[in-house]
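Scroll down for the structure; my scribbles are underneath it.
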Amino acid sequence: QVQLVESGGGSVQAGGSLRLSCAASGRTFSSYAMGWFRQAPGKEREFVAGVSWSSGRTNYADSVKGRFTISRDNAKNTVYLQMNSLKPEDTAVYYCAARRSSVIITSATTYDYWGQGTQVTVSS
């Protein structure tokens, strides 16, 4: 059974940093794409960043380019999201997701597995 467990969320002031982790288990993810999504109150879930587990290729939403970095550790089966220069508009619940394809897609409906989410709150 696939499990994705996020950690690392919290509260930070604007301009600060956080690193989210997503520990994946239950199968081999070498042919998967992994994504980070976020959902703010009253808004739809949106793509933040993605990484192809096999190639390491990445993709980012325009709103986070240059501030966020997604990476993976094959040995630990863990995906990270390093978030720098955080803004109040980054406040949301952040979700890790896995897709049974190595191609990164920004649509949440194409992902097969989801974590429970971790809250990130950025105050001004």
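Positions are given from 1 along the sequence.
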Residue pair Tyr95 / Gln39, side-chain heavy-atom distance below 4.5 Å: yes

Lys/Arg cation over aromatic Trp53: Arg99, 6.0 Å, 45° cone: no

Smallest separation among heavy atoms of Ala14 and Ser124, with atom names: CB-CA, 4.3 Å

Test side chain to side chain donor-acceptor pair (under 3.5 Å) applied to Thr121 and Gln119, step by step: CA-CA 6 Å; Thr121 302; Gln119 176 71 46; 3.3 Å; yes

Residues clustering with Val103 (ILVMFWY side chains joined when closer than 4.5 Å, directly or via others): Ile105

Listed partners of Arg67 passing salt bridge (Lys or Arg N to Asp or Glu O under 4.0 Å), at least two apart: Asp90

Cation-pi geometry met for Arg45 and Phe37 (6.0 Å, 45°): no

Closest approach of Ala108 to Trp114 (non-hydrogen atoms, all atoms of both residues): O-CZ2, 3.4 Å

Gln13, CD atom: more than 12 neighbouring heavy atoms under 6.0 Å: no

Shortest non-hydrogen contact between Phe47 and Asn59, atoms and distance: CZ-O, 3.7 Å

Least distance between heavy atoms, Cys22 atom then Trp36 atom: CB-CZ2, 3.6 Å

Residue pair Ser52 / Ser55, side-chain donor-acceptor N/O under 3.5 Å: yes

Presence of salt bridge, Asp112 and Arg100, under 4.0 angstrom: yes

Aromatic ring pairing Phe68/Tyr94, orientation class (parallel under 30°, perpendicular over 60°, tilted between): tilted

